[in-house]
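Proteins come first, then strands; the chains are lettered A, B, ... in the order of their sequence lines, and each starts at number 1.
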There are 2 protein chains.
Amino acid sequence: MPSPAAPASAATPAAPTRSARDRILDAFEDLLAEQSERAATLEAVAARAGVSKGGLLYHFASKDALVDGVLERFAADLAQDIEHMRAAPDGPVSYFLRTSIPSDNRLERVIVAIARLAQASDARASDALADAQRLWLSELEAVVGDRMVARTIMLIGDGMYYNSALLPAANAVLRDETDVQQLIALVERLSARD
Amino acid sequence: MPSPAAPASAATPAAPTRSARDRILDAFEDLLAEQSERAATLEAVAARAGVSKGGLLYHFASKDALVDGVLERFAADLAQDIEHMRAAPDGPVSYFLRTSIPSDNRLERVIVAIARLAQASDARASDALADAQRLWLSELEAVVGDRMVARTIMLIGDGMYYNSALLPAANAVLRDETDVQQLIALVERLSARD
DNA sequence: GTCTATACGATGATAGAC
DNA sequence: GTCTATCATCGTATAGAC
């Protein structure tokens with residue numbers, strides 16, 4: 001039941017009126033993250049977004065344009081994540097590790113999607129991931145002091161992504177909240193010494 | 001200079017006479033690891049192996065058969081790696097971390113190749129990687145005692161693979177032998193306590 | 001602004017010559 | 001054992017109707 005007083009084109013981001021453009025990008029990301037780069041064909045994306053192939057190509061003239069759209073949204077999400085990381089009550093390290101765990105988090109899904117594009121030899125996607133790594137690493141280095149400890153934490157986070165992106169979910173190295181807490185405690189012991 | 005006394009069909013694994021079958025599997029792995037799953041078409045594989053598409057299809061009736069061939073060789077390589085890990089002079093942990101660094105190592109290359117297949121939704125490839133993880137993890141657990149420390153070491157190794165498989169080489173988190181030594185020292189400090 | 005129809009290229013696979 | 005057609009299928013992209 002749409003609000004009668006709302007102007008026709010008012011943005012209601014998470015509601016039924018989510019713009020076709022956003023629905024298409026969502027569909028593309030979903031197919032990449034949940035299935036594979038090969039599965040994310042124009043036809044499949046269109047079907048999932050509830051538009052026709054022609055309709056999709058009206059919004060994004062080519063598959064490359066679709067990739068650009070995903071990367072643009074990612075840049076914005078990433079900037080926001082860095083903010084959250086800085087403001088996190090338990091500190092950036094804990095925040096970083098927690099958000100590296102596969103979840104329903106939007107950022108997680110986009111990163112897996114972009115990782116799939118990177119594997120399909122898309123240089124823009126690889127660059128975007130490399131940029132993100134640099135940002136996170138510099139945040140980590142700022143708080144842990146030791147350069148090598150910061151890098152080790154990055155590698156652990158990377159490992160979590162790798163696992164969730166590549167392996168059957170049943171094989172997650174970390175299974176529940178207890179595992180996560182233990183890992184964080186372990187890593188903080190690392191950064192506390194030296 | 002082939003040994004004159006050798007029977008015509010004697011195996012000379014690394015020499016010019018490397019069987020067509022092996023050359024084809026090598027070419028497939030190379031294309032997967034150095035480029036992408038999409039780049040590893042039957043034609044490209046045949047060209048790199050120095051045979052025609054028809055010639056390739058004589059040895060491997062389908063692309064699926066090609067994947068099976070790679071997975072079979074991987075299983076053998078993996079078993080050998082576990083042996084080496086157990087016998088390593090510096091211990092399994094150091095061995096594991098060192099061999100997780102991107103190099104010209106055969107096993108490395110195969111794993112990246114299989115990771116690419118896994119990303120392309122090949123369930124057999126995902127399973128093979130999950131099996132390998134289980135094996136490594138159980139070796140690590142056997143020596144470090146603490147379950148969580150062993151898992152953390154696995155994650156670090158996974159992170160290294162992820163980086164080498166996905167990002168431009170220039171972005172490696174670990175750059176030289178000094179980095180590696182520092183990381184190993186750091187991790188051994190982890191396993192020494194508790 | 002969205003859809004249908006169609007062109008075009010590339011890929012996996014088959015049949016059969018040598 | 002290896003190669004040369006050749007085919008069917010699918011994915012990207014264009015043109016144009018509604």
In residues 69-81 of chain A, what donor-acceptor pairs under 3.5 Å come from side-chain atoms, sequence neighbours left out?
{"unit_1": "Arg73(A)", "atom_1": "NH1", "unit_2": "Asp22(A)", "atom_2": "OD1", "d": "3.0"}
{"unit_1": "Arg73(A)", "atom_1": "NH1", "unit_2": "Asp26(A)", "atom_2": "OD1", "d": "3.3"}
{"unit_1": "Arg73(A)", "atom_1": "NH2", "unit_2": "Asp26(A)", "atom_2": "OD1", "d": "2.8"}
{"unit_1": "Arg73(A)", "atom_1": "NH2", "unit_2": "Glu29(A)", "atom_2": "OE1", "d": "3.2"}
{"unit_1": "Arg73(A)", "atom_1": "NH2", "unit_2": "Glu29(A)", "atom_2": "OE2", "d": "3.1"}
{"unit_1": "Asp77(A)", "atom_1": "OD2", "unit_2": "Arg106(A)", "atom_2": "NE", "d": "3.3"}
{"unit_1": "Asp77(A)", "atom_1": "OD2", "unit_2": "Arg106(A)", "atom_2": "NH2", "d": "2.3"}
{"unit_1": "Asp81(A)", "atom_1": "OD1", "unit_2": "Tyr95(A)", "atom_2": "OH", "d": "2.7"}
{"unit_1": "Asp81(A)", "atom_1": "OD2", "unit_2": "Trp136(A)", "atom_2": "NE1", "d": "3.0"}

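The salt bridge (Lys or Arg N to Asp or Glu O under 4.0 Å) search around Asp127(A) returns none, not counting sequence neighbours. Listed by chain and residue number, Glu43(A) satisfy the salt bridge (Lys or Arg N to Asp or Glu O under 4.0 Å) test with Lys53(A) (two or more places apart in sequence, or in another chain). Residues satisfying the salt bridge (Lys or Arg N to Asp or Glu O under 4.0 Å) criterion with Arg48(A), sequence neighbours excluded, are Asp30(A), Glu34(A). For Glu139(A), the side chain to side chain contact (heavy atoms under 4.5 Å, CB included) criterion is met by Ile82(A), Met85(A), Arg86(A), not counting sequence neighbours. Annotation: side chain to side chain contact (heavy atoms under 4.5 Å, CB included) contacts of Asp64(B) (sequence neighbours excluded): Ser62(B), Arg124(B). For Arg21(A), the salt bridge (Lys or Arg N to Asp or Glu O under 4.0 Å) criterion is met by no residue, not counting sequence neighbours.
Proximity of Tyr58(A) to the phosphate of dG1(C): a side-chain N or O atom is located under 4.0 Å from OP1 or OP2.
One interatomic measurement links the two molecules: CZ of Arg38(A) to C1' of dA10(C), which rounds to 11 Å at whole-angstrom precision. Atom NE2 in His59(A) sits about 8 Å away from atom P in dG1(C), given to the nearest Å. We find that CD of Glu37(B) is positioned 12 Å from C1' of dG12(C), with the value rounded to whole Å. Atom CG in Leu31(A) sits about 14 Å away from atom C1' in dG11(D), given to the nearest Å. Counting to the nearest Å, the P atom of dG1(C) and the CG atom of Leu56(A) are 15 Å from each other. As a whole-Å value, the separation of Glu43(B) CD from dA10(C) C1' is 9 Å.
When each of dC3(D), dT4(C), dG11(D) is scored by its nearest atom to the side-chain atoms of Ser52(A), the top-ranked nucleotide is dT4(C).
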Nucleotides 13-18 of chain C: protein proximity per nucleotide (B base, S sugar-phosphate only, - neither; heavy atom, under 4.0 Å): BB----
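Remark: the backbone N or O of Arg23(B) is not paired with any side-chain donor or acceptor of Arg18(B) at under 3.5 angstrom.
With respect to Asp158(A) and Arg151(A), no salt bridge is recorded, no charged nitrogen being found less than 4.0 Å from a carboxylate O.
For the segment residues 65-72 of chain B, the set of residues with a heavy atom within less than 4.0 Å of an atom of DNA chain D is empty.
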